[in-house]
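So you know, we letter chains A, B, ... as the sequences are listed, proteins then strands, and number each from 1.
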Amino acid sequence: MPELPEVETVRRYLDTKLPGDRITAVTVDLPRLIKNRTEDAFRRTLTDRVFRAADRKGKYLILRLDGPESLMVHLRMTGRLVFQEDESLPDPPYTRIRFSLERGKLTYGDVRTLGDLWIIPSEGKTGISRYDTLGPDAIGDAFTPDYLYRKLKGTSRAVKAVILDQTVVAGVGNIYADEALFLAGIRPSRHADRVTKAESAKLCEAIRSVMLGSIEAGGTTFRDFLDGAGHEGGNVENLRVYGRDGEPCTVCGTEIQLTKIAGRGTRYCPKCQK
DNA sequence: TGGGCTGTTGCAAG
DNA sequence: ACTTGCAACAGCCC
């Protein structure tokens, strides 16, 4: 499921619902999802805390609380955070952790159970190295054409592998990597150091625009994604190459190809992308 | 039926 | 030091 636009879609919804609400109880069905606390410590830390805000960097969601510690979540492939105002409603499918609130409930569901939840300090570094070493957020001001060009220049790895690297830019996953490279007219297998400065600028802008367009549409539900209200996103309509292998390119009619780059299924138009 | 695929990333091995 | 490949897991599709 979730790359930056999906996590942002969830964040925006939760940020309208959670602040001011208090956690009254925490139920953990699958303790191994909690990475840096025991189940008991996790429950004790969160119970009676009040939500302040929902923040995001890259694909990480941070639910800020009134105490010295807050909750950080990575949805990995199939994680879902769903808020329901009516606590008596049945839990959504595959619920693994449930937060009972004074005004409803928040559930963490996860089909493949690959997600991560951490307790982090409310201020300063999280101490979670993968978070603390993230590159600039893909839709933030620090992700600029010059920055991307400098990062691409330093390596001969495939350009797709570089933009998937979360220490280079935070939030790009497999779907939006393919989409952005299509928009920028760059073959995913191209060596990064062979991408020109003008193409880097195009790619930077393409990453930003596919992300913002998807947020606008409520995220991409290709298979598992549900937003914070439990609804599917509408961005599949906008995808130009992802999931379209074997279909004609929307620009030139050439058949979209499927290959493997950096170990990931990769779709591209052999005519539009050089 | 069974094998291969899936939106992420930590870790081991090359 | 850098890069690749697999494992973690469960479900879906052919």
Side-chain angles (χ1 to χ4, degrees), chain A residues 1-10 29-36 56-61 72-81 92-97 108-118 126-135 138 151-182 188-193 207 210-211 214-215 217-227 232-236 238-246 258-267:
Chain A
M1 105 181 231
E3 305 180 31
L4 184 152
E6 289 72 40
V7 180
E8 176 64 11
T9 298
V10 172
D29 294 339
L30 194 56
R32 67 176 166 76
L33 298 179
I34 302 162
K35 301 301 160 174
N36 64 347
R56 178 196 60 75
K57 181 168 184 182
K59 305 171 193 174
Y60 292 79
L61 195 59
M72 184 164 81
V73 180
H74 194 302
L75 304 170
R76 297 275 184 160
M77 303 282 266
T78 55
R80 295 168 174 166
L81 269 175
Y94 307 103
T95 292
R96 313 297 188 180
I97 296 178
Y108 178 78
D110 196 336
V111 174
R112 288 171 68 180
T113 72
L114 297 171
D116 302 307
L117 294 88
W118 299 268
T126 66
I128 308 302
S129 65
R130 282 287 159 158
Y131 180 88
D132 290 335
T133 58
L134 286 175
K151 289 295 183 179
L152 293 177
K153 257 175 46 176
T155 179
S156 63
R157 302 163 76 195
V159 58
K160 175 168 174 178
V162 177
I163 61 174
L164 285 174
D165 183 340
Q166 302 298 299
T167 69
V168 171
V169 52
V172 180
N174 204 35
I175 293 178
Y176 300 103
D178 282 3
E179 293 299 307
L181 287 162
F182 174 80
S189 56
R190 176 111 64 97
H191 290 337
D193 54 11
I207 289 171
V210 295
M211 298 271 172
S214 180
I215 293 166
T220 299
T221 299
F222 194 77
R223 185 166 296 126
D224 297 300
F225 172 66
L226 296 180
D227 68 19
E232 296 190 351
N235 194 59
V236 169
N238 301 329
L239 299 179
R240 311 291 290 277
V241 286
Y242 190 86
R244 294 191 178 277
D245 35 301
L258 169 61
T259 180
K260 191 165 271 210
I261 308 281
R264 315 295 301 279
T266 298
R267 285 83 178 172

- Note on the structure: Once base and sugar-phosphate atoms are separated, protein heavy atoms under 4.0 Å mark nucleotides 8-14 of chain C, 5' to 3', with B, S and - as BBBS---
Quickly work out the [X] [atom1] to [N] [atom2] distance and round it to whole Å.
| X | N | atom1 | atom2 | result |
| --- | --- | --- | --- | --- |
| A/R157 | C/dA1 | CZ | P | 16 Å |
| A/I163 | B/dT8 | CD1 | P | 12 Å |
| A/Y242 | B/dC5 | OH | P | 13 Å |
| A/L75 | B/dT9 | CG | P | 10 Å |
| A/L164 | B/dT8 | CG | C1' | 10 Å |
| A/E6 | B/dT8 | CD | C1' | 13 Å |
| A/D116 | B/dT8 | CG | P | 13 Å |
| A/I175 | B/dT8 | CD1 | C1' | 12 Å |

May I ask you to verify if any side-chain N or O of [X] is less than 4.0 angstrom from the OP1 or OP2 atom of [N]?
| X | N | value |
| --- | --- | --- |
| A/H74 | B/dT9 | yes |
| A/T155 | C/dC2 | no |
| A/K260 | C/dG5 | no |

- Looking across every strand, which nucleic acid part, if any, lies under 4.0 Å from A/G173 by heavy atom: base, sugar-phosphate, or nothing? sugar-phosphate
- Item | Axial cation check for A/Y242 ring with A/R267, 6.0 Å and 45° limits | yes
In whole angstrom, give me the gap between the [atom1] atoms of [N] and [M].
| N | M | atom1 | answer |
| --- | --- | --- | --- |
| B/dT1 | C/dC9 | P | 24 Å |
| C/dA1 | B/dT9 | P | 23 Å |
| B/dC5 | C/dG5 | P | 14 Å |

- Message: Let's go through A/D132 and A/T126 carefully: what are the C-alpha distance in whole Å and the side-chain angles of both, what is the deciding distance for side chain to side chain donor-acceptor pair (under 3.5 Å) to 0.1 Å, and is it a yes or a no?
- Response: CA-CA 7 Å; A/D132 290 335; A/T126 66; 3.0 Å; yes
- Query: For atom NZ of A/K153, is the number of surrounding heavy atoms from other residues, nucleotides or ligands below 6.0 Å larger than 12?
  - Reply: no
- Item | B/dT6: pairing nucleotide in any strand, Watson-Crick or G-U under 3.5 angstrom | C/dA10
- Message: Under the criterion side chain to side chain contact (heavy atoms under 4.5 Å, CB included), I'd like the reasoning laid out for A/T113 against A/L33: C-alpha separation, chi angles, the key distance, then a yes or no.
- Response: CA-CA 7 Å; A/T113 72; A/L33 298 179; 4.3 Å; yes
- Message: Just so I know, are the side chains of A/L226 and A/E232 near enough to count as touching, which here means a heavy-atom distance under 4.5 Å?
- Response: yes
- Task: Quick one: closest heavy-atom pair of A/A138 and A/I207, and the distance?
- Result: CB-CG2, 4.0 Å
- State plainly whether the residues A/D165 and A/R157 are in salt-bridge range, i.e. N to O under 4.0 Å. yes
